Q: 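Quick one: the structure is below, questions incoming.
In this text the structure is predicted, and so the values were computed from the model without any measurement.
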Amino acid sequence: MKNKFLILGLCFAFLTACTDLADLNVDKKNPIAVSGESLFTSAQKNMTDQIVSTNVNYNAYRFWDQYWTETTYTEEANFDVTTRNLSQQVWDELYRRSLANFKESARLITDEITFSDDQAKAKVNKLALIELLEVYTYSHLVETYGNVPYSQALDINTLTPAYDDGLTVYKDLAARLNAAVSAMDASVGGFEPGSDNIYQGNTAQWIKFANSLKIRMGLVLADLPSESALSHQLVESGSADPILSNDDNATMDYLSATPNTNPLYADQVLSSRQDYIITNTFVNALDSLNDPRREYYFEPNLDDPNTPEVEYVGGRPGHTETYGSFTHVNEALRKPTFPGTIFSASETEFLLAEAVERGYNVGGTAEEHYNNAVRLSILEWGGTDADADAYLAQPTVAYNTAGGSWQQRIGTQAWIGFYNRGFEGWLSIRRLDYPELKLPDAAVSGYPARLTYPINEQTVNPPGYTSAAAAIGGDLPETKLFFDTH
């Protein structure tokens, strides 16, 4: 009798386990449902990777800023963006791999059930942070292309979205940014540290980031008389609590193992690419100022033990050169865990120095903010306060004796400080018009004031492309965007 019950029990268990044979087709290692948190993590990384990348298929700004040049494949250094379809890659990374994931992350988190007040507050912070990073990503798109799909973007039912006016988009982004900051509660967290790989869920630091972004976006609008009120509101409200310490820099924590390493490691070490060298434009500028950051920016690969000083030799932008004969990028930047920075305290201070010169109410003097910016940059790279003191004491560096307009003084030092932050260097050059860079001899266009639209847009979205190109004055690299008025 016991054996009969045992047999019946085994048969029942077997039948119960197999009532839904479809379970056998579920790949538990690759789930079809993902969480909003995991999508946020992916979007945050994709966005940061695009901004800090050195891959010529994704990011050419270091060449346009003339920090680096190429020795063999010189297309990007000569402003050629069509050979490798750079425009398409930037477009896809920011729209499809970043913004689309942020949008879906927000939808999933909105639908999540909360069971406590703390969970509800954390949910509000999560959604505000997603909104903040969407604003940051869209601002890059507008500052890169001009008019872009916005109001109809990321809508699966709209295959040919309209392009919105760049200034109109920027103003809407400013409103969204103000609302996101107001929604954040610094007393509670948001995403868990494992989901947020920039500030590890520290809402107070994200508020500082948002305020620094306010300052930057406000100054992008500063030369437009029609936007004076909005520009002042953004800059002056942001100055209350921005990033002012290197401890609060917005940096992605990369890992030592692929695929989560710093893109520079993948681009230059794993690919064994021996093509990037420092330009003579940048080397000569830093040599003339006896800049203490040279040992952190440059590799002493030309060091001669028989001479007392390290020699740095830059290559001509856009020229074919011999890789081993010129100064290379410092090895530290090529480490897999080298942090990817998307906003820094030195950037905030350079912006505040500019704001004072423009008459904005942000406190302090232009000289104080300028000195803070230079010092923070030197310390960020590994220098000392003594290095900063000696550097700032030079008449060619000191704010009141360096000569030129405030745009030239701030613009030149910001350019030096933005080394390895190519997009910010490019934006600063376009806004302040300093330093004045000489075009490469083989340049295929004038200095790029924007990135041209992806070639695919001409075929998949001809109405949007045609109207956008006409509205901005032509889909050309030299077409200046709404904020570039000089």
Q: Give a yes or no on this: more than 12 heavy atoms of other residues, nucleotides or ligands lie within 6.0 Å of atom NZ of K121.
A: no
Q: Going by an N to O cut-off under 4.0 Å, is there a salt bridge joining E104 and R107?
A: yes
Q: List the residues meeting salt bridge (Lys or Arg N to Asp or Glu O under 4.0 Å) with K45, not counting sequence neighbours, and say none if there are none.
A: D49
Q: With a cut-off of 6.0 Å (strictly less than), are more than 12 heavy atoms of other residues, nucleotides or ligands near NZ of K335?
A: no
Q: Hey, is the main chain of D475 close enough, under 3.5 Å, to the side chain of T479 for a donor-acceptor pair?
A: no
Q: Salt bridge between R84 and E75, side-chain N to carboxylate O under 4.0 Å?
A: yes
Q: Report, as yes or no, whether the 6.0 Å neighbourhood of atom CD on Q200 holds more than 12 heavy atoms from other residues, nucleotides or ligands.
A: yes
Q: Using side-chain contact (heavy atoms from CB on, under 4.5 Å) as the criterion, list what pairs up with T72, not counting sequence neighbours.
A: D275
Q: Taking only residues two or more places apart in sequence, or in another chain, which ones meet A60 in a side-chain contact (heavy atoms from CB on, under 4.5 Å)?
A: F63, W64, E76, L86
Q: For T327, enumerate each residue passing the side chain to side chain donor-acceptor pair (under 3.5 Å) test, keeping only those at least two apart in sequence or located in another chain.
A: none
Q: Below 4.0 angstrom, N of the basic side chain to O of the carboxylate: do E37 and K126 qualify?
A: yes
Q: So, using ring pair (Phe, Tyr, Trp, His ring centres under 6.0 Å) as the criterion, who are the partners of Y312 when residues are at least two apart?
A: F298
Q: Test: ring pair (Phe, Tyr, Trp, His ring centres under 6.0 Å). Region: residues 467-486. Which pairs qualify, not counting sequence neighbours?
A: Y170-F482
Q: Within a radius of less than 6.0 Å around CG of D111, do more than 12 heavy atoms belonging to other residues, nucleotides or ligands occur?
A: yes
Q: Indicate yes or no: does K103 engage E134 in a salt bridge with an N to O separation below 4.0 Å.
A: no
